[in-house]
Amino acid sequence: MARRPMMAANWKMNKTIREAEEYMAALLPRAADAEGVDVAVFAPFTCLHEVARMAEDTPIIAGAQNFYYEDSGAFTGEVSVPMLQDAGARAGIVGHSERRENFCEDDDMVARKAARAVEAELLPVVCVGETKEERDAGDMWEKVSGQVRRVMEELDDPDGGSLVFAYEPIWAIGTGETATPEDAQDAIGQMRGLLRELRDDDFADGVRILYGGSVEPENAAEIMAQEDVDGALVGGASLEVESFMQLVEAAQETVPSEQ
Ligand code: PEP
């Protein structure tokens with residue numbers, strides 16, 4: 001089954017409102033007609049509304065980098081799924097390793113956030129991945145499969161289009177050290193196999209699984225060419241429109257042209 005590739009920009013804690021506007025003004029005319037590829041921009045809360053407003057009536061998906069699973073209440077500093085949707089977000093990153101490591105998000109919290117997003121039809125991009133120590137100890141699959149299983153346990157009858165997974169080996173994020181295309185395929189292929197076992201063929205064949213970790217214009221084509229890799233979640237190389245567009249174009253290369 002052909003899955004629609006996704007190229008997703010994670011700006012992390014970067015960009016003022018003015019910088020976000022400038023970026024979107026440059027991105028929109030170039031990315032809005034990116035045939036066959038979903039282009040998403042995950043912006044900080046402070047500029048999300050502006051990014052979403054500019055992306056309105058275009059295919060570009062505005063998304064948040066985090067949210068909480070409760071809808072409202074005494075959760076100082078948190079932002080809920082309905083609040084994101086009110087700001088125009090259509091997607092949200094869940095369980096990025098920087099949140100798991102720096103803000104103590106565990107598998108239970110990540111699973112609850114993913115479930116709340118699916119329920120509200122906010123597309124979650126659920127991140128999983130192992131540390132360098134875990135990989136070196138041969139524990140990559142134990143870690144990644146545990147993270148995937150916990151998310152799937154929490155979901156109530158999802159279909160493959162209702163969420164996206166991102167395999168992001170922690171040792172490759174922001175380090176310039178990319179997984180080899182074979183490593184990315186190996187982990188993502190195993191994830192798809194697990195999802196087939198946990199749910200069914202329709203789900204496993206329909207759900208998109210991205211790779212993330214130092215994706216750059218130089219290595220994107222090789223990674224995107226892997227059978228089970230459906231796109232990329234990109235930090236550093238997404239901060240400039242020029243390099244992000246090169247990644248969008250690399251994703252477009254993988255889309256079969258209509259005869
Ligand atoms: C990320 O932010 O998810 C990421 C993969 O960052 P980078 O591309 O900078 O490694």
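Nothing here was measured: the structure is a model prediction, and the numbers come from that model. Atoms within each ligand, like the ligands themselves, are counted from 1 in listed order.
Heavy atoms of other residues, nucleotides or ligands lying less than 6.0 angstrom from CG of Asn102 number more than 12. Heavy atoms of other residues, nucleotides or ligands lying less than 6.0 angstrom from CD of Glu142 number 12 at most. Heavy atoms of other residues, nucleotides or ligands lying less than 6.0 angstrom from CD of Gln190 number more than 12. Environment of CD in Glu35: sparse, with no more than 12 heavy atoms of neighbouring residues, nucleotides or ligands closer than 6.0 Å.
Contact annotation: for Ile173 versus ligand 1, heavy atoms closer than 4.0 Å belong to both the backbone and the side chain. Residue-level proximity to ligand 1 for Ala172 is carried by the backbone, the only part with a heavy atom below 4.0 angstrom. With a 4.0 Å heavy-atom cut-off, ligand 1 is reached by no atom of Glu98.
Remark: ligand 1 atoms within the under-4.0 Å shell around heavy atoms of Leu233 are 3 (O), 5 (C). The atoms of ligand 1 that sit less than 4.0 Å from any heavy atom of Gly213 are 5 (C), 10 (O). Close approach to Val234 involves these atoms of ligand 1, each under 4.0 Å from a residue heavy atom: 8 (O). When each atom of ligand 1 is checked for a heavy atom of Gly174 under 4.0 Å away, the hits are 7 (P), 9 (O), 10 (O).
Classified by interplanar angle (parallel below 30°, tilted 30° to 60°, perpendicular above 60°), the ring pair Trp11/Tyr23 is perpendicular.
Protein heavy atom closest to atom 2 (O) of ligand 1, with residue, atom name and distance, is Lys12 CE, 2.7 Å. The nearest heavy-atom contact from the protein to atom 8 (O) of ligand 1 is Gly235 N, 2.8 Å. Scanning the protein heavy atoms around atom 1 (C) of ligand 1, the nearest turns out to be His96 NE2, 3.3 Å. Looking from atom 9 (O) of ligand 1 to the surrounding protein, the closest heavy atom is Gly236 N, 2.8 Å.
Glu154 contributes no side-chain N or O that, together with a main-chain N or O of Arg150, makes up a donor-acceptor pair within less than 3.5 Å.
Side-chain contact between Asp228 and Ile209: absent, with no pair of heavy atoms (C-beta onward) separated by less than 4.5 Å.
A salt bridge does not link Asp230 to Arg4: none of the charged nitrogens lies less than 4.0 Å from a carboxylate oxygen.
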